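Sharing a structure here in structure tokens format.
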Amino acid sequence: MREEIVQLSALSPDADARLDKRFAVIRIDAHRDGFAIPDEVAQRARGIVTSGGLGLPREVMDRLPRLAIIAVNGIGTERIDLSETRRRGICVTTTPDVLTPDVADMAMALILAGMRNLVGDDRYVREGRWAAHEPLPLARRVSGKRLGIVGLGKIGSAVAERARGFDMAISYHGRHRQPDCPYPFQPSLPALARAVDVLVITVTGGSETRHLVDRTVIEALGPDGLLVNVARGSVVDEAALVEAIAARTLGGAALDVFEYEPFVPPALIASGQVVLQPHRGSATTEARAAMADLVVRNLEAFFAGEAPLTPVR
Ligand code: 8YV
């Protein structure tokens, strides 16, 4: 008999077809409908496919007595209780590496868009204000500026590599100084924010990093600073960010992620100092195809009794 898998978020037509070939797949659009897994399905399900943003709430996990694997289409695991999965011997897999260049590219795009006012200037052209010879303020140079990276992991390092191509002076903050790292380490996040023009957040989400970028950090970045977030909205105290943008104590923000997605504070939507993206860091054909492939291969390997390719340790 084929194992039953509950798929809570879409992969790709190709990956879905591969799952259907091997498993009995029950599809529920959890983004739209919540975790509405019927009881008889919950009793039998052996695997879950979910996204980084959805995870698997503890109370849903508790309804799945035969659950053996959670395959995350993404790298975020902050919405999965990993101590509970470990206790129950449930395998958790993610899709590391394959999305790194895309998320780093997004960070670079947001740095450029934020500093060069790409979105506001686009609107200026479309609204006929160029043709009407309206004055347009100058933007800010990116090349040679000081870039602070919060969390120099795989994505942070990929952002640094790209930023070096723009002659940016890179420094970073994280839990520890990294051995053999070419960039200066700053043990205090407010001090890093004070010392840079652009602060990019690439740190993991979850309770440990919640509101790491608080009012003090935002104020330290200051009225000429740009805050870029491609990690998790929870890392930033969004209420403090909204206030700082309104009071112009922060120069600008370029954000791919928000604290209560898909809700974006109206004050950020209304601000010309802010560039907004709907959590699109990994949303390229290439990354999503590779992520979906990894999800399927992890499930296939696991249920064939082999080691999954990319388990969370
Ligand atoms: C995806 C993400 O948007 O990797 C993550 O944790 O947030 C993103 O890459 C999401 O998981 C899509 O399924």
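When a ligand or atom number is given, it counts from 1 through the structure's own listing order. On a predicted model such as this, the values are computed, not experimentally measured, just so you know. Quick note: residue numbers are just sequence positions, from 1.
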Starting from Ile28, can I reach Leu11 by hopping between I/L/V/M/F/W/Y residues whose side chains sit under 4.5 Å apart?
no
Nitrogen or oxygen atoms of Met291 and ligand 1 under 3.5 Å apart
no
Arg22 side chain to Leu299 main-chain N or O, any donor-acceptor pair under 3.5 Å?
no
Look at atom 1 (C) of ligand 1 and say which protein heavy atom is nearest, naming residue and atom and giving the distance to 0.1 Å.
Ser282 OG, 3.5 Å
At under 4.0 Å between heavy atoms, is it the side chain or the backbone of Arg232 that contacts ligand 1, or both, or neither?
side chain
Would you please name every residue forming a ring pair (Phe, Tyr, Trp, His ring centres under 6.0 Å) with Phe303, sequence neighbours left out?
Phe23
Based purely on interatomic distance, does Gly74 place a nitrogen or oxygen under 3.5 Å from a nitrogen or oxygen of ligand 1?
no
Looking at ligand 1, does any of its N/O atoms fall within less than 3.5 Å of an N/O of Gly53?
no
Going by the side chain to side chain donor-acceptor pair (under 3.5 Å) test, name the single residue among Arg232, His31, His279 that passes it with Glu261.
His279
Looking only at protein heavy atoms, which one is nearest to atom 5 (C) of ligand 1, and what is the separation?
Ile75 N, 3.3 Å
Below 4.0 Å, non-hydrogen atoms only: which portion of Arg288 touches ligand 1? Side chain, backbone, both or neither.
side chain
Any atoms of ligand 1 less than 4.0 Å from a non-hydrogen atom of Gly52? List them with their elements.
6 (O), 11 (O)
Which atoms of ligand 1 sit under 4.0 Å from any heavy atom of Asn73?
10 (C), 11 (O), 12 (C), 13 (O)
So, for Arg146 and Val196, which heavy atoms are closest and what is the spacing to 0.1 Å?
O-CB, 3.5 Å
Tell me whether Thr95 contacts the main-chain N or O of Gly74 through its side chain, where contact means a donor paired with an acceptor under 3.5 Å.
yes
What part of Leu99, side chain from CB on, backbone N/CA/C/O, both or neither, has a heavy atom under 4.0 Å from ligand 1?
side chain
Salt-bridge present (Asp105, Arg162; N to O < 4.0 Å)
yes
